[in-house]
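Notes to accompany the following structure.
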Amino acid sequence: MTAAGHPRHALDEVIHAPVRFSVMATLAAAEEAEFGFVRDGVQVSDSMLSRTVATLERAGYVEVRKGYVGKRPRTWLLLSRDGRRAFDAHVAALRAIAEGRALSAG
Amino acid sequence: MTAPTPESAAALLAEADAARVRDGASPAASAFLVTLGCASAGFSLAQPLAGSERGVGAAATVFALAVLGATAALLGGRGTTRAGFSPRFGLAMGLWGAVLAVGLAVRLTVPGLAHDWSWWAPLAVAVAAPCLVGAWRERPR
């Protein structure tokens, strides 16, 4: 395995942080998820999740949709196309690291 | 950025898999489709039984209330939807709407079908089928 081919080079710095990874993993499995569902699943506070989502939104990985159920405001989170692609690439790099192999091109 | 060890990378992959399982657990859409399918079948089966316009109106009211209740439960209880939910749900709803619309249109244009079991019983199955298949595809697992 060459240094350039090491899969750690394919890891995404934005996604690599633990809470961001957990949020991305939750959203990757869903079409969209409600803010409270993600907060409870990832086990973080509202403010922590808000900050995390803001970072992912700035990176273009997460989209935020606000709406109402009755009179109650709801916030829905979903991965953007770029976010899904970046997460898939990040997971592929993790898989290569876990299996101790170089990342295949493409 | 600290590169993960093979062990920590495997742990992260396991977390991603766990998230996939967790996100598949929302029953709201499945329950909605089951309710819609059963209410539609019930509405169809009530037609030959209804002896008057009033009976048809009562069946339509029960059907509408069931669908409204299921919709409210769907909107209120849906924490997440699995990847690919919209096309699957849209297909089920589209087929349901098409079958129901064609069924009612035929009923209105062909005389003598109002109390004919041989029309309404198959229609009940046909109108429920897209919803029940959709519910099965969205079932919690």
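The sequence lines fix the lettering, A, B, ..., with proteins before strands; numbering per chain opens at 1. Hydrogens, waters and symmetry mates are skipped; everything else that's a heavy atom, side chains included, is used.
If you measure heavy-atom distances from A:F87 to chain B, the contacts under 4.5 Å come from the side chain alone.
A donor-acceptor contact shorter than 3.5 Å is absent between the side chain of B:E15 and the backbone of A:A25.
Among residue pairs with one or both ends in residues 49-60 of chain A, none qualify as salt bridge (charged side-chain N to carboxylate O under 4.0 Å, His left out); sequence neighbours excluded. Among residues at least two apart or in separate chains, ring pair (Phe, Tyr, Trp, His ring centres under 6.0 Å) pairs with a member in residues 89-108 of chain B are B:F32-B:F89, B:F85-B:F89.
Residues A:P18 and B:L12 are not in side-chain contact: their nearest non-hydrogen atoms beyond the backbone lie 4.5 Å or more apart. Contact annotation: the side chain of A:E31 approaches that of B:P87 to within less than 4.5 Å [non-hydrogen atoms, C-beta and beyond].
In the hydrophobic cluster analysis, where Ile, Leu, Val, Met, Phe, Trp and Tyr join through side-chain heavy atoms closer than 4.5 angstrom, B:W117 is grouped apart from B:W119. In this structure, B:W136 is not a member of the same hydrophobic cluster as B:V125, with clusters built from ILVMFWY side-chain heavy atoms closer than 4.5 Å. B:V56 and B:V67 fall into different hydrophobic clusters, where Ile, Leu, Val, Met, Phe, Trp and Tyr side chains are chained together by heavy-atom contacts under 4.5 Å. Linking ILVMFWY side-chain heavy atoms closer than 4.5 Å, directly or via other members, places B:L13 and A:I15 in a single hydrophobic cluster.
Shortest non-hydrogen contact noted between A:I97 and B:A9 is CG2-CB, 3.8 Å. When all heavy atoms of A:A98 and B:A10 are compared, the closest pair comes out as CB-N, 3.9 Å.
Remark: A:L94 CG to B:S8 OG distance equals 8.0 Å, nearest 0.5 Å.
Per-residue counts of heavy-atom pairs under 4.5 Å with chain B were compared for A:M24, A:R72, A:R95, A:E99; the largest is that of A:R95.
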